[in-house]
Amino acid sequence: MSRQETDSSRRQFLGQAAAAGLLIAPGVMLYKVAQARTPEMPASAINRWGMLIDTNKCATGCSDCVSACQTENGWGGKNSNEKHSAITQKAQWIRKVKLTDKLSGYVQSLPLMCQHCESPPCVDVCPTGASMKRADGLVLVDKHICIGCRYCMMACPYKARSFVHETLTGQKPYAPRGKGTVEACTMCVQRVDTGRTPACVEACSGEGHKAMYFGDLKDPASEISKRLKKYGGSEIRSDLDLNTGVRYQGL
Amino acid sequence: MAYSQRLSRKAIAWLVGAILVLPLTASAGVPVPVIPKAKAGTTCVEPANIMRREHMKFILHHREETVRQGIRTKKFSLKECIACHNAPDKSGAVARIGTPEHFCSTCHNYAAVKIDCFECHADKPANTHYRHSLAEGKTPHHPGMKSEDKVLSTKTLEIITAKGEKQ
Amino acid sequence: MKTLTYKVIDGNSKGYLALLAILGLFVLAGAVAFFYMEHNGHWVTGMNDQVVWGIPHVFAVFLIVSASGALNVASISSVFNRKVYKPLAPLSAVLAITLLLGGLTILVLDLGRPDRLIVAMTKYNFKSIFAWNMLLYNGFLAIVGVYLWFMLERKMNQYSRYAGFAAFFWRLILTTGTGAIFGFLVSRQAYDVAIMAPMFIIMSFAYGLAIFNIVTIASYSWTNRQLGDVIFERLRKLLGIFIGAVFYFVTVYHLTKLYATKHHGVENFILLHGGVYTDLFWLGQVVIGMLIPAILVFHPALAKSRRALVTASALVIVGGISQMYVTIIGGQAYPMVMFPGKIVESSFFDGGIKSYIPSLPEFALAFGGFALSLIMVALAIKILRLLPESLSDAEIAPHHKA
């Protein structure tokens, strides 16, 4: 091709690319703004779901978040699904942790669940790939291929995962769980996928405690992003550099 | 050859013969499955003859989409299958997976194929009224229907199946 | 040396049949324990959400590590060209295979979903050291199988050196992988340290040789075959060297951990105040597993005593199992440090030492796996021509002074 021809064909290409970009851009912007995606749309990396917990507002004796999770996902005391398991064997997706400072005696409380890390050690070590990170940041167990080796439980720095030690019968239809597989907080993926908030956050805000927030960490306009920007937030075991999706204030 | 050798050879021959004949006894006395009839006016998401052969293919594909990608379309969702495919057992309550009246068990017991799904998945819908908005005796249209705590009573079932209401 | 005659054992004696029967009973108990655990779920075991790996894993990892070490004698003969070890190389290879199979059996049967073994063999997450280990273990079985074939079939003997090299490097990678299972974990204070990989390699040398010594000496003495002083001395001295090496690595591991303030908690737990873990470390791992065997092996008066070497080897095995218990279970029992400087309490047992009481089904499964390895070796020496008819000094090295 002669020099003039290559120049004009380059110009044409650039022009077409720019036009295509202009056409697509509004669609991309609109998709980003829309919160609830329709059922046939897959989860995408445009979102990153996270939680913010304000430990200053978390009361030591309160466990509303735990009860809500139990009711929503079908584990724990009220459901008494695990009749044979010892107390150390029963699953706990979320628990309240009480911290007492050794030097000052200062007491604080916080809920602890799967931190939905960006670099989850549990996903790294799973031999079959059952422990997975979804595109929108949720760390889940694909119980279809979980072989129950519990290596992820060894690897999790937050002891977030539980193993089901006996046959279960009364599972909730939207939260399957079964003997021999490993499970953990899913950030109520069944709720998040339909535009709602996790049960724990809903219970906490419903009772007026205002200690837990949920939202899209990648959306600067979401409440959680604004709060993080204004008040800051820290990760538990931040030295591990896992970039958790759950952040705490007051730690 | 020695008597003991002949005896042991005979014993082995009988044993092998018995083992070879065993499969013939398999079909003797096993009742063919009695699959609960669909309610009038309802069909499955795919024709029955396709579903019978291919339901695992649909289920396996859809589970990958749902778990790994978060695609939650209703067609081929196991939860939606169970929402329709539940039948009463002898006591009138929704049949559970251990009983022969459970929809999946009717064929699977006959085919002797163990079902893995219900190790984890709920084998009955959470809300057994799902198929219809019955409103439990609160509306003038369905005054006579009551439920006993998420269990379909026999009377309710009769009304549902006889009237053949649309979902 | 002269061409040796390899001969199967007679295997008709009451003693041999009794051995098979006893081992068979243990294997049966293991199978019963597996069915009981799989049917009911793990609630019947002592393992829980805090200590997720228990006695089965202690024995499984021990057997897998020993399997790699049991190949040592064959490796020394092929890779390092020490011809005096060549007669025992086939037994070494078979023992490596059976120990690995026993360990893997325990591991697979303890899975929450052992019916999904096919899934584990077909879906791999290649970032997981566990996934790599599955490939390494199966590859080991294949490579050592080929190695054994080359050793046993005369016309393939010329290639056994190459198979020996391959097997040697493969098992170094394999044992590195086994140590890395723990070494790669950032979550727990007792792990997250690179030395675990080479430490496991050195431990494999000691544990594998200990089991090999017992199997060899028992095979020869119970079949009234001769085991000469030349080969005996080699086995004895080798065990002594490996015990010394293990001692070095254990010392370096603990000194490293002791130096960092953040690890003082876990070191305090293991070395001083951990109850059963402290006892198992000092008494089991150090005294029984290293000090007493070292005395038995190196004491001049016991230089020719078969009994002393067998005892020393048995004590090394006890020490090895103690070490695995302290590493695997002690490492889990010590709480993760999520909030440094705070006292932590929760309903999920954060903050405190985790409780673990091993249960009978776990012991049955573990012993069953060990028995499975031993029964396979016992049958192998009857089916295959693995053992030279005589390993007396006259046969091995007529010009060598013991």
Rounded to the nearest 0.5 angstrom, the SG-CE distance for A:Cys69 and A:Met187 is 12.0 Å

Mind checking whether B:Phe118 and B:His102 have parallel, tilted or perpendicular rings, split at 30° and 60°?
perpendicular

Where does A:Lys179 contact chain B at under 4.5 Å (heavy atoms): side chain, backbone, both or neither?
both

Is chain B contacted by the side chain of A:Ile145, its backbone, both, or neither, given a heavy-atom distance below 4.5 Å?
side chain

Pick one of side chain, backbone, both or neither for A:Val164, based on which atoms fall under 4.5 Å of a heavy atom in chain B.
neither

Counting heavy-atom pairs under 4.5 Å to chain B, which of A:Ala135, A:Gly170, A:Gly74, A:Gly178 comes out on top?
A:Gly178

Counting heavy-atom pairs under 4.5 Å to chain B, which of A:His144, A:Glu40, A:Arg134 comes out on top?
A:His144

Check the orientation of B:Phe76 and B:Phe58. Use parallel for under 30°, tilted for 30 to 60°, and perpendicular for over 60°.
parallel

Which of the residues A:Met132, A:Lys133, A:Lys143 is involved in the greatest number of heavy-atom pairs with chain B at under 4.5 angstrom?
A:Met132

Would you call A:Lys90 and A:Glu82 a salt bridge, using N to O less than 4.0 angstrom?
no

Is it the case that atom NZ in B:Lys57 sees more than 12 heavy atoms from other parts of the structure closer than 6.0 Å?
no

